[in-house]
Every structure is written in C-alpha cells, then in structure tokens.
Amino acid sequence: MKVRHFGLAALLFLPFALLLAQEAQPKGKGKTKAKGARKAKGMEPRSLAPVAMNLKSSEEKLHRDFPDFCVAKNGESWMTYIENDGTADTLHLARRDGANLVHVAEVSKPGVLHQPAIAADGAGGVWCLWGQVDTQDVMTLRARRFFAGALGQEIVLAASTEAGNTFADAGTDIAGRVWVAWQEVRPGASRIVTRHWSAEVPEWSVPVCVSQAKSGGNWEPRLAFTDEAGAWVAYDCSMGSEFNLRLARVSLDGAVKDQVLLDTPEYEARASISSDGAGGLWIAAERGRRQWGLDSRGHENAMGFNAQKRLLLGRYDIATGKFDEVAVPANGRPTPAPDPSPGFAVNVPSVCFREGQVWLSYRYYSNLFWRVALVRYSPQSKEWTEPVAFADSTMGQDRHQELTLGPKGGLWITWPSDLRTTKEPGVAGVHLAQINTDANLQVMPTESEVEVARSPEPTPYLNKPRPPRSLGAGSSSSSGTT
C-alpha cells in the first residue's frame, strides 16, 4: 500500500493529540531567537472575499480545529469541531445563534480524535461522526445524535483490530437520510465504506464497500446526492502506483457501480463533489506532479509533495457517463494579489454549485503559510472571477475549508486558523462565514487558448506508469467500469 498524508502506523494508531498539541504550542515557546532577530511576515491580500457574516469560536489556551458545518431543513445551523486542552481531544457541538456560535454539547469522551463530520437528518436530529482511538490503540469510527435538546448514546459504526476507520464525510440525501462514507485503512489496500440512517428505520444500514478496485489504496471519500435512491461517492485510488479519481453510485440496497472518473499519469486526488440539480455533478480535486510520492520525491519546491499542485475542475454528466474538464486559469493556481499568480501551490479544494454558478474554495501557499481563497466560475459565460482571500484564514497545509449550501440558498464556508503571520504556529480557533453571493466580483481577463495545465516529465523518471497511456483529459465511465 502506498501511504499518503500519514504513515501507516499513524493511520492505524494515530497519536493525534500529539499533533494537535504541537500545533497548539503557545507563541513564544520552542526555539529561542537571538535578540533583535526579525521574523519574516507574509503579505496581506489586496482583495478579500465578500462576507455577509463572520463568526469565530476561540479561547486563548484551547486549540480548536477541524470544523465541519451543516444547515438543517428548518434553517438551524450547526458546527462540530475538535478541541484540545494540551492533554486530550474532545468533540464539541455548537449552534449558530444570530452572529454568534453557541456551545451546545461536549459530544465525545476525552481521547485521541480525528476528522469529524456533521449532518442533519430529516427528523430534526443532528449527527456528529468522528474517528477515535479505542482501548486497543486503533482508530474507530463513532457517531452520536443530538435531538430535542439532548445527546443520544454513542455508537461505534466501524471498528476492527486489523484496520483503522477514519477520514469520514457525512451528508443528507433528499429523503432526509444521513449518509457517512469513510476510509478503512488496512495493510495492503485501504477501502472506502458507507452506511446510512433514516428516522423511518432508526438504525444504521449494513456497511457497504464502495471501492471495487482490488489493489492500491483508496482515500478521502466525498458524498453528493441527486435523488432519493442512493448516493454518489467521489474518492481517489492509488492502484498502479499513481493517484486517479474514481466515482461510485451506491443504491439503498447496497448495489455499487464504481468507475474510473479520471485516469492520467499525474496525481489526481482529494476530491470534492456537488450536484447541479440538472443531471450533473461538479467535481474539484488536486492535480499534482507525476510519480507523486514515489522514488522521484524530494523536499525542495520542484520535487516536494506540494510541487506543481493545482486545481482540477469538471462536470460529470450522469446520463452519458462523460466527465468534461474545465481549464482552470493561471495554470490551475489562481492566487490573490499581491502574491504572484500563478501561485506557488494550491490544495484541498471544495466545490459548491449554486444557482448556475460554480464556487470553488481552496488553500494557497503565500510564501510562509497557507491561506483560504475563493473563485467563481460561470458554465454559461465561461468566465472566472479574480481570486479573493479570507484574511483570517492563515494556517499550515492540509487543513480543509468546506463550502456548504443551505436549504434556502445561503453559501457558507468554515475553516480553522491560528492567525499566524509567520511560519510559527499558534493556538487555533474555528471560523464560519456566510458568503455574500450578490457581491460584484471582478471578472478575470480571458486567457488566450487556456488549456488544462499539465506537469512536465519528472526527472529522474524511475517508475513508469502502469499501464502506459496518453495524457488524455479524462475517461468516460463506459471504459472505466469495474
């Protein structure tokens, strides 16, 4: 199995409290600097994202991180996040009350926690889902429902002595069912698994294995819904020693149709997915250098894990099974000024389709740290807006920022930030903002003959792609179904 993001031991046992404690180290501690030494500071963005409301939850000595957000059918807004006090993690639930985030409940027992998700069911409940290390030092998937002002019993959705269960995503389908998809990490090949819950039959369905590939690792699933009959799951697979995107349709009865979405020699991973309500799914992902993570890797800018990282965007037509890519301007790395555009690197995109427009958020590297940016694309006019930034979003890499569309059309985004101005980490808080979708965003000048950005051949090219193939922009489901 090719390990990504963390080593295998970290995925199975994941000493995450240590990671959080390291990020939460108060400023001023750690390495001392010579008196009078200056710290380099990043540049402030010139254009800021139009925000109608900006909320934050933070405390000086409590590190809050990994937020996720949902809006219930009745308009109530909920956030879950991990809090670390320097000794252990706990999962928390908060509700938006006007312009404030109000703490509602401590959802988990203290321990080692990982990547929570949240979804509201059709019966008025809110589900929090997260990974937590058990007494055997293995990561397990947990769930707990908040309903009528009280927490229900904690449920273990997935546990195994042979595999960790984590990297969960959750969502609500049109019928009000809550779905969760997660990554079962085991030696040899990790798998993508899903379950769903409905108030009509108040128990979780039998686990269904989504990923059908027999080799390679399967990573970071994301859910979308187009009808009451099932769910769509986008994820990436490292079969053949390279990362490619896959898309699966999962029916209520457990039937799975899993297919290759995009298959090139380049790294394509960490997908986000959104339905356009017109028979299509918009999918964004990272695209990076060939041979990502293999023998040609390095620590320098041209060879590191973020080298040549750029944005990938396209629409999957459900009726035809065809995925059409859209060329992202600025070589796939649009970066807010005064940073250069194309920028150095971008990662972890989130996509949301709203009223004929595609909204795309992502993190971009700004010399010393990573900051959240936002662009909008019009499929009708083919126009892109100039990238804008969220000033209070600075953090390290690998932190997600998630776009969420409310039932009345409100567009929300959440992210963590320690408000760093240098490379030095601080104590983070969690942020929630409503985007002013009526704002007059500046349209990006049209690039002549803009094409999908491709990576150059790596040097040295030690491992050839298996099997050899051309640099086609994509592949349809008819040729990729397994």
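Count residues from 1 along the sequence.
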Side-chain donor/acceptor of [X] to backbone N/O of [Y], under 3.5 Å:
X	Y	result
Arg95	Val104	no
Glu424	Thr421	no
Thr140	Ala158	no
His63	Ala428	yes
Ser238	Gly217	yes

Should the pair Arg376 and Trp359 be classed as cation-pi, given the thresholds of under 6.0 Å to the six-membered ring centre and 45° from the axis?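 Judged by the rule (NZ or CZ under 6.0 Å from the ring centre, within 45° of its axis), Arg376 counts as positioned above Trp359.
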Would you say the side chains of [X] and [Y] form a donor-acceptor pair under 3.5 Å?
X	Y	value
Arg249	Ser251	no
Thr194	His196	no
His431	Ser417	no
Arg64	Ser57	yes

Starting from the C-alpha separation in whole Å, work towards a yes-or-no answer on salt bridge (charged side-chain N to carboxylate O under 4.0 Å, His left out) for Lys61 and Glu59. CA-CA 6 Å; Lys61 296 183 179 180; Glu59 288 192 30; over 6 Å; no
Nearest 0.5 Å please: distance from the [atom1] atom of [X] over to the [atom2] atom of [Y].
X	Y	atom1	atom2	result
Leu91	Asp89	CG	CG	9.5 Å
His400	Ser361	NE2	OG	11.0 Å
Glu83	Leu62	CD	CG	4.5 Å

Residues that Arg145 engages under side-chain hydrogen bond (donor to acceptor under 3.5 Å, both in side chains), provided they are two or more places apart: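 Residues passing side-chain hydrogen bond (donor to acceptor under 3.5 Å, both in side chains) with Arg145: Asp121.
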Keeping to residues at least two apart or across chains, list the salt bridge (Lys or Arg N to Asp or Glu O under 4.0 Å) pairs with something in residues 166-176.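 As it turns out, the salt bridge (Lys or Arg N to Asp or Glu O under 4.0 Å) pairs with a partner in residues 166-176, which skip direct neighbours, are Asp173-Arg177.
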Determine which pairs satisfy salt bridge (Lys or Arg N to Asp or Glu O under 4.0 Å) with at least one residue from residues 189-204, sequence neighbours left out, and list them in order.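 Passing the test, one end in residues 189-204: Glu184-Arg191.
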Hey, what's the ring geometry for Trp370 with Tyr365, parallel, tilted or perpendicular (30° and 60° as the breaks)?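 Ring orientation of Trp370 relative to Tyr365: tilted.
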Phe146 and Trp78 aromatic centres sub-6.0 Å: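 Yes.
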Check each of Asn347, Thr335, Val372 against Tyr364 using the side chain to side chain contact (heavy atoms under 4.5 Å, CB included) test, and report the only one that passes.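 Single pass found, and it is Thr335.
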Of the options Phe66, Tyr81, Phe69, Trp415, which is the one that meets Val430 in a side chain to side chain contact (heavy atoms under 4.5 Å, CB included)?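 So the option named by the test is Tyr81.
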